[in-house]
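Worksheet for the structure shown next.
Quick note: numbers below take in every heavy atom, side chains included, and nothing from hydrogens, waters or symmetry partners. Proteins get letters first, then strands, A, B, ... in listed order; numbering begins at 1 in each.
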There are 2 protein chains.
Amino acid sequence: MAEEKEINYTEAENCPVRNILDRFGDKWSTLVILILGEQETLRFNELQKKIGTISQKMLTVTLKKLEADGLISRKVYAQIPPKVEYKLTNLGLSLLPKLHSLVQWANENMEEITQNRSVV
Amino acid sequence: MAEEKEINYTEAENCPVRNILDRFGDKWSTLVILILGEQETLRFNELQKKIGTISQKMLTVTLKKLEADGLISRKVYAQIPPKVEYKLTNLGLSLLPKLHSLVQWANENMEEITQNRSVV
DNA sequence: CGGCATCCGGAATGATACTG
DNA sequence: CAGTATCATTCCGGATGCCG
(Lines give C-alpha, C1' and ligand atoms only; values in the text may rest on other atoms or scores of the structure.)
Protein backbone atom coordinates (compact mmCIF):
# COMPACT_ATOMS: atom_id res chain seq x y z
CA MET A 1 0.00 0.00 0.00
CA ALA A 2 1.78 3.04 -1.25
CA GLU A 3 -0.72 5.84 -1.54
CA GLU A 4 -2.74 6.35 1.60
CA LYS A 5 -2.73 10.09 1.78
CA GLU A 6 -5.91 10.63 -0.17
CA ILE A 7 -8.53 8.94 1.91
CA ASN A 8 -12.14 9.32 0.99
CA TYR A 9 -13.86 10.40 4.15
CA THR A 10 -17.19 11.11 2.58
CA GLU A 11 -18.69 7.67 2.84
CA ALA A 12 -19.12 7.17 6.54
CA GLU A 13 -20.07 3.50 6.27
CA ASN A 14 -17.01 2.50 4.32
CA CYS A 15 -14.55 4.78 6.05
CA PRO A 16 -12.79 3.01 8.90
CA VAL A 17 -11.81 6.27 10.46
CA ARG A 18 -15.32 7.56 10.71
CA ASN A 19 -16.61 4.19 11.69
CA ILE A 20 -14.25 3.91 14.60
CA LEU A 21 -14.71 7.54 15.49
CA ASP A 22 -18.43 7.10 15.65
CA ARG A 23 -17.91 4.37 18.22
CA PHE A 24 -15.33 5.96 20.45
CA GLY A 25 -16.59 9.43 19.97
CA ASP A 26 -18.98 8.86 22.80
CA LYS A 27 -18.34 10.09 26.27
CA TRP A 28 -17.21 6.94 28.02
CA SER A 29 -15.91 4.20 25.72
CA THR A 30 -12.33 5.37 25.62
CA LEU A 31 -12.27 5.89 29.35
CA VAL A 32 -13.58 2.40 30.04
CA ILE A 33 -10.95 0.85 27.81
CA LEU A 34 -8.21 2.83 29.50
CA ILE A 35 -9.35 1.82 32.95
CA LEU A 36 -9.75 -1.81 31.98
CA GLY A 37 -6.24 -1.58 30.64
CA GLU A 38 -4.94 -1.03 34.13
CA GLN A 39 -6.39 -4.15 35.69
CA GLU A 40 -6.87 -7.60 34.32
CA THR A 41 -10.51 -7.73 35.30
CA LEU A 42 -12.97 -5.38 36.88
CA ARG A 43 -16.46 -5.80 38.16
CA PHE A 44 -19.33 -3.54 37.24
CA ASN A 45 -19.29 -1.61 40.47
CA GLU A 46 -15.54 -1.29 40.48
CA LEU A 47 -15.70 0.30 37.08
CA GLN A 48 -18.39 2.66 38.17
CA LYS A 49 -16.41 3.72 41.19
CA LYS A 50 -13.29 4.33 39.20
CA ILE A 51 -15.05 6.51 36.69
CA GLY A 52 -16.91 8.22 39.46
CA THR A 53 -19.47 10.23 37.59
CA ILE A 54 -20.92 7.76 35.14
CA SER A 55 -24.50 6.66 35.62
CA GLN A 56 -25.41 3.03 35.82
CA LYS A 57 -27.24 3.29 32.57
CA MET A 58 -24.39 4.76 30.60
CA LEU A 59 -21.94 2.26 31.99
CA THR A 60 -24.24 -0.55 30.94
CA VAL A 61 -24.72 0.90 27.48
CA THR A 62 -21.02 1.51 27.03
CA LEU A 63 -20.06 -1.96 28.16
CA LYS A 64 -22.60 -3.51 25.85
CA LYS A 65 -21.31 -1.63 22.86
CA LEU A 66 -17.73 -2.49 23.62
CA GLU A 67 -18.66 -6.09 24.10
CA ALA A 68 -20.56 -6.12 20.82
CA ASP A 69 -17.50 -4.73 19.09
CA GLY A 70 -15.40 -7.46 20.59
CA LEU A 71 -13.19 -5.11 22.55
CA ILE A 72 -14.11 -6.37 25.97
CA SER A 73 -15.37 -9.69 27.29
CA ARG A 74 -17.97 -10.28 29.92
CA LYS A 75 -17.90 -13.15 32.34
CA VAL A 76 -20.91 -13.89 34.50
CA TYR A 77 -20.56 -15.95 37.64
CA ALA A 78 -23.68 -17.92 38.44
CA GLN A 79 -23.98 -16.96 42.04
CA ILE A 80 -25.97 -14.86 44.41
CA PRO A 81 -25.31 -12.01 44.61
CA PRO A 82 -24.34 -11.82 40.96
CA LYS A 83 -20.78 -11.20 39.96
CA VAL A 84 -19.78 -10.01 36.51
CA GLU A 85 -16.24 -9.41 35.43
CA TYR A 86 -15.10 -7.36 32.48
CA LYS A 87 -11.75 -7.50 30.78
CA LEU A 88 -10.18 -6.42 27.54
CA THR A 89 -10.01 -8.88 24.68
CA ASN A 90 -6.92 -9.16 22.53
CA LEU A 91 -8.54 -6.72 20.16
CA GLY A 92 -9.10 -4.31 23.00
CA LEU A 93 -5.56 -4.77 24.20
CA SER A 94 -4.27 -3.96 20.73
CA LEU A 95 -6.03 -0.63 20.87
CA LEU A 96 -4.65 0.25 24.26
CA PRO A 97 -1.18 1.48 23.19
CA LYS A 98 -2.75 3.85 20.70
CA LEU A 99 -4.95 5.31 23.38
CA HIS A 100 -2.03 5.62 25.75
CA SER A 101 -0.25 7.55 23.07
CA LEU A 102 -3.19 9.91 22.97
CA VAL A 103 -3.25 10.16 26.74
CA GLN A 104 0.39 11.08 26.79
CA TRP A 105 -0.23 13.82 24.30
CA ALA A 106 -3.15 15.03 26.40
CA ASN A 107 -1.01 15.18 29.50
CA GLU A 108 1.72 17.08 27.75
CA ASN A 109 -0.50 19.60 26.04
CA MET A 110 -3.57 20.08 28.16
CA GLU A 111 -2.16 23.08 29.91
CA GLU A 112 -1.44 24.83 26.65
CA ILE A 113 -4.89 24.08 25.32
CA THR A 114 -6.50 25.30 28.51
CA GLN A 115 -4.56 28.52 28.30
CA ASN A 116 -5.50 29.00 24.67
CA ARG A 117 -9.13 28.65 25.56
CA SER A 118 -9.10 31.12 28.38
CA VAL A 119 -7.48 33.70 26.10
CA VAL A 120 -10.40 33.45 23.74
CA MET B 1 0.31 4.76 48.28
CA ALA B 2 -0.79 6.03 44.93
CA GLU B 3 1.12 4.41 42.12
CA GLU B 4 1.76 6.11 38.85
CA LYS B 5 -0.45 3.56 37.16
CA GLU B 6 -3.40 4.60 39.22
CA ILE B 7 -4.79 7.58 37.47
CA ASN B 8 -7.70 9.31 39.04
CA TYR B 9 -10.31 9.62 36.34
CA THR B 10 -13.04 10.80 38.61
CA GLU B 11 -12.31 14.50 38.47
CA ALA B 12 -13.18 15.40 34.95
CA GLU B 13 -11.84 18.96 35.17
CA ASN B 14 -8.41 17.93 36.33
CA CYS B 15 -8.09 14.81 34.26
CA PRO B 16 -6.31 15.52 30.98
CA VAL B 17 -7.69 12.37 29.45
CA ARG B 18 -11.26 13.31 30.05
CA ASN B 19 -10.62 16.89 29.18
CA ILE B 20 -9.20 16.01 25.82
CA LEU B 21 -11.81 13.34 25.27
CA ASP B 22 -14.55 15.81 25.89
CA ARG B 23 -13.16 17.95 23.12
CA PHE B 24 -12.52 15.37 20.47
CA GLY B 25 -15.41 13.23 21.44
CA ASP B 26 -17.58 15.23 19.13
CA LYS B 27 -18.49 14.04 15.72
CA TRP B 28 -16.19 16.07 13.55
CA SER B 29 -13.10 17.46 15.30
CA THR B 30 -10.87 14.48 14.74
CA LEU B 31 -11.91 14.21 11.14
CA VAL B 32 -11.14 17.86 10.46
CA ILE B 33 -7.69 17.53 11.97
CA LEU B 34 -6.95 14.44 9.94
CA ILE B 35 -8.04 16.10 6.72
CA LEU B 36 -6.11 19.26 7.47
CA GLY B 37 -3.14 17.03 8.09
CA GLU B 38 -3.14 16.03 4.45
CA GLN B 39 -2.86 19.50 2.97
CA GLU B 40 -1.02 22.52 4.16
CA THR B 41 -4.06 24.72 3.92
CA LEU B 42 -7.69 24.25 3.04
CA ARG B 43 -10.52 26.62 2.46
CA PHE B 44 -13.90 26.34 4.11
CA ASN B 45 -15.63 24.88 1.09
CA GLU B 46 -12.80 22.50 0.37
CA LEU B 47 -13.12 21.11 3.86
CA GLN B 48 -16.84 20.76 3.53
CA LYS B 49 -16.48 18.90 0.24
CA LYS B 50 -13.92 16.53 1.63
CA ILE B 51 -16.04 15.63 4.60
CA GLY B 52 -19.08 15.39 2.43
CA THR B 53 -21.87 15.14 4.91
CA ILE B 54 -21.11 17.87 7.41
CA SER B 55 -23.44 20.82 7.56
CA GLN B 56 -22.17 24.33 7.17
CA LYS B 57 -23.10 25.06 10.73
CA MET B 58 -21.28 22.14 12.25
CA LEU B 59 -18.18 22.83 10.23
CA THR B 60 -18.20 26.38 11.48
CA VAL B 61 -18.66 25.30 15.07
CA THR B 62 -15.99 22.64 14.82
CA LEU B 63 -13.47 24.99 13.27
CA LYS B 64 -14.14 27.61 15.91
CA LYS B 65 -13.54 25.15 18.71
CA LEU B 66 -10.36 23.86 17.19
CA GLU B 67 -9.16 27.38 16.64
CA ALA B 68 -9.97 28.28 20.24
CA ASP B 69 -7.97 25.31 21.42
CA GLY B 70 -5.06 26.46 19.31
CA LEU B 71 -5.02 23.38 17.13
CA ILE B 72 -5.76 25.14 13.87
CA SER B 73 -5.20 28.65 12.58
CA ARG B 74 -7.47 30.75 10.47
CA LYS B 75 -6.31 33.19 7.85
CA VAL B 76 -8.75 35.60 6.27
CA TYR B 77 -7.98 37.26 2.95
CA ALA B 78 -9.58 40.67 2.62
CA GLN B 79 -11.12 40.19 -0.77
CA ILE B 80 -14.41 39.65 -2.52
CA PRO B 81 -15.48 36.94 -2.61
CA PRO B 82 -14.03 36.07 0.77
CA LYS B 83 -11.31 33.53 1.14
CA VAL B 84 -10.45 31.84 4.41
CA GLU B 85 -7.72 29.32 4.80
CA TYR B 86 -7.36 26.85 7.62
CA LYS B 87 -4.25 24.98 8.61
CA LEU B 88 -2.91 23.05 11.55
CA THR B 89 -0.81 24.83 14.13
CA ASN B 90 2.28 23.23 15.58
CA LEU B 91 0.11 21.98 18.40
CA GLY B 92 -2.28 20.47 15.92
CA LEU B 93 0.57 18.92 14.00
CA SER B 94 1.89 17.35 17.17
CA LEU B 95 -1.42 15.59 17.64
CA LEU B 96 -1.51 14.27 14.10
CA PRO B 97 0.82 11.26 14.51
CA LYS B 98 -1.23 10.03 17.43
CA LEU B 99 -4.38 10.22 15.38
CA HIS B 100 -2.68 8.48 12.49
CA SER B 101 -1.78 5.71 14.85
CA LEU B 102 -5.43 5.40 15.69
CA VAL B 103 -6.41 5.48 12.05
CA GLN B 104 -4.00 2.71 11.28
CA TRP B 105 -5.51 0.61 14.01
CA ALA B 106 -8.97 1.38 12.66
CA ASN B 107 -7.99 0.26 9.18
CA GLU B 108 -6.48 -2.93 10.44
CA ASN B 109 -9.31 -3.90 12.72
CA MET B 110 -12.49 -2.46 11.33
CA GLU B 111 -13.38 -5.61 9.48
CA GLU B 112 -13.11 -7.67 12.61
CA ILE B 113 -15.18 -5.21 14.58
CA THR B 114 -17.81 -5.10 11.87
CA GLN B 115 -18.02 -8.85 11.88
CA ASN B 116 -18.30 -8.94 15.64
CA ARG B 117 -21.19 -6.54 15.50
CA SER B 118 -23.13 -8.43 12.88
CA VAL B 119 -22.83 -11.58 14.93
CA VAL B 120 -24.58 -9.89 17.77
C1' DC C 1 -25.07 -7.06 42.70
C1' DG C 2 -25.79 -6.10 38.16
C1' DG C 3 -28.49 -5.02 35.49
C1' DC C 4 -33.13 -3.39 32.30
C1' DA C 5 -37.27 -0.23 31.08
C1' DT C 6 -39.11 4.15 31.06
C1' DC C 7 -39.46 8.97 31.16
C1' DC C 8 -37.57 13.38 30.47
C1' DG C 9 -34.59 17.74 29.84
C1' DG C 10 -30.94 19.66 27.55
C1' DA C 11 -27.34 19.50 24.48
C1' DA C 12 -25.76 18.27 19.94
C1' DT C 13 -26.76 18.27 15.22
C1' DG C 14 -29.27 19.32 11.05
C1' DA C 15 -32.11 22.19 7.54
C1' DT C 16 -33.11 26.38 5.78
C1' DA C 17 -32.88 31.19 4.88
C1' DC C 18 -30.29 35.23 4.86
C1' DT C 19 -25.87 38.41 4.70
C1' DG C 20 -21.30 40.95 3.95
C1' DC D 1 -17.35 32.35 -0.49
C1' DA D 2 -17.82 32.01 4.15
C1' DG D 3 -20.22 32.43 7.15
C1' DT D 4 -24.65 33.96 10.80
C1' DA D 5 -29.38 33.36 12.60
C1' DT D 6 -33.24 30.75 13.47
C1' DC D 7 -35.99 26.85 13.92
C1' DA D 8 -36.62 21.84 14.06
C1' DT D 9 -35.07 17.43 15.44
C1' DT D 10 -32.50 13.89 17.15
C1' DC D 11 -30.29 11.76 20.77
C1' DC D 12 -27.29 11.63 24.75
C1' DG D 13 -27.43 10.88 29.31
C1' DG D 14 -29.38 11.39 34.10
C1' DA D 15 -33.10 9.97 37.47
C1' DT D 16 -36.05 6.67 38.94
C1' DG D 17 -38.15 2.26 39.71
C1' DC D 18 -38.24 -2.71 39.05
C1' DC D 19 -36.15 -7.46 38.60
C1' DG D 20 -33.40 -12.01 38.79
Side-chain angles (χ1 to χ4, degrees), chain A residues 9-13 15 18-19 21-32 35-36 39 41-69 72-87 117 120, chain B residues 9-13 15 18-32 35-36 39 41-69 72-87 120:
Chain A
Y9 295 101
T10 55
E11 301 173 26
E13 324 81 49
C15 176
R18 299 197 47 180
N19 225 285
L21 251 42
D22 285 350
R23 294 292 152 172
F24 303 107
D26 68 20
K27 202 171 179 180
W28 304 112
S29 294
T30 311
L31 205 52
V32 167
I35 292 179
L36 277 178
Q39 259 83 22
T41 65
L42 279 174
R43 301 180 61 176
F44 189 90
N45 272 0
E46 293 173 332
L47 271 168
Q48 193 172 18
K49 264 178 201 151
K50 274 189 174 292
I51 301 180
T53 57
I54 192 172
S55 66
Q56 215 170 27
K57 172 183 177 179
M58 288 317 297
L59 183 53
T60 302
V61 170
T62 303
L63 289 171
K64 272 202 191 307
K65 280 205 308 184
L66 293 177
E67 190 193 1
D69 286 0
I72 69 174
S73 63
R74 183 171 181 272
K75 184 175 182 183
V76 183
Y77 293 83
Q79 62 183 45
I80 305 288
K83 175 180 174 185
V84 182
E85 283 183 346
Y86 295 92
K87 62 179 295 194
R117 276 180 213 156
V120 179
Chain B
Y9 296 101
T10 56
E11 300 172 26
E13 325 79 50
C15 175
R18 300 197 46 180
N19 224 286
I20 263 56
L21 251 42
D22 285 352
R23 295 292 153 171
F24 303 106
D26 69 17
K27 202 171 179 179
W28 305 111
S29 294
T30 312
L31 205 53
V32 167
I35 292 178
L36 277 178
Q39 259 84 24
T41 65
L42 279 174
R43 302 181 60 175
F44 189 91
N45 270 3
E46 292 173 332
L47 271 168
Q48 192 171 19
K49 265 179 200 151
K50 275 190 175 292
I51 300 181
T53 58
I54 193 173
S55 66
Q56 215 169 27
K57 174 181 175 180
M58 286 318 297
L59 183 53
T60 303
V61 170
T62 303
L63 289 171
K64 271 200 195 305
K65 279 203 311 182
L66 293 176
E67 191 193 1
D69 286 0
I72 68 174
S73 63
R74 182 172 181 272
K75 185 174 184 185
V76 183
Y77 293 83
Q79 62 183 44
I80 307 285
K83 175 180 175 184
V84 181
E85 283 183 346
Y86 293 92
K87 62 179 293 193
V120 180

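- Separation of atoms NZ (B:Lys50) and CG (B:Leu59) is listed at 13.5 Å; rounding is to 0.5 Å.
- The CD1 atom of B:Ile80 sits 11 Å away from the P atom of C:dG20 (whole-angstrom rounding).
- As a whole-Å value, the separation of A:Glu85 CD from C:dG3 P is 12 Å.
- Note: CG (B:Leu63) to C1' (D:dC1) measures 14 Å, nearest angstrom.
- A:Lys83 NZ: more than 12 foreign heavy atoms inside a 6.0 Å radius.
- Among C:dG3, D:dG13, D:dG20, the nucleotide with an atom closest to any side-chain atom of A:Pro82 is D:dG20.
- Within the 4.0 Å cut-off from OP1 or OP2 of D:dT4, at least one side-chain nitrogen or oxygen of B:Lys64 is found.
- Here CH2 of A:Trp28 is found 3.5 Å from OG1 of A:Thr53. Values are rounded to the nearest 0.5 Å.
- Checking C:dG14, C:dG3, D:dG14 against every side-chain atom of A:Ser55, the shortest atom distance belongs to D:dG14.
- Smallest separation of non-hydrogen atoms from A:Pro82 and A:Arg43: O-NH2, 3.3 Å.
- Between the P atom of D:dG13 and the CZ atom of B:Arg18 lies a distance of 11 Å, rounded to the nearest Å.
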*Going through the checks in order, is the side chain to side chain contact (heavy atoms under 4.5 Å, CB included) test met by A:Arg74 and A:Val76?*
CA-CA 7 Å; A:Arg74 183 171 181 272; A:Val76 183; 3.4 Å; yes
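- Interatomic distance, CD of B:Glu46 versus OH of B:Tyr86, reported as 12.0 Å (0.5 Å rounding).
- Taking 3.5 Å as the limit, the base of C:dT13 and the side chain of B:Lys57 contain a donor-acceptor pair of atoms between them.
- When side chains are defined from C-beta on, B:Met58 does not count as touching B:Ile51, because their heavy atoms never get closer than 4.5 Å.
- Note on the helix from C:dC1-D:dG20 to C:dG20-D:dC1: terminal axis deviation equals 50°, with five pairs used at each end and the result rounded to 10°.
- Relative to the side chain of B:Pro81, the nucleotides C:dG2, D:dC1, D:dG3 differ in distance, and D:dC1 lies closest.
- Taking side-chain N and O atoms only, B:Tyr86 has no distance below 4.0 Å to OP1 or OP2 of D:dC1.
- Comparing atom distances between the B:Val84 side chain and each of D:dG13, D:dA2, C:dT13 picks out D:dA2 as nearest.
- For A:Ile54 and C:dG2, the CD1 to C1' distance is 14 Å, given to the nearest whole Å.
- Between D:dA2 and B:Arg74, no contact under 4.0 Å exists linking OP1 or OP2 to a side-chain N or O.
- Using a 4.0 Å heavy-atom distance criterion, B:Tyr77 is classed as making no nucleic acid contact.
- Dashed line: the shortest gap from a side-chain N or O of B:Arg43 to OP1 or OP2 of D:dG3 is not under 4.0 Å.
- Rounded to an integer number of Å, the gap from A:Glu46 CD to C:dG3 P is 12 Å.
- Rounded to the nearest 0.5 Å, atoms CG (B:Asp26) and OG1 (B:Thr62) are 5.5 Å apart.
- If you take CE of B:Met58 and P of D:dA2, they are 19 Å apart, rounded to a whole angstrom.
- If you take CD of A:Gln48 and P of C:dG2, they are 10 Å apart, rounded to a whole angstrom.
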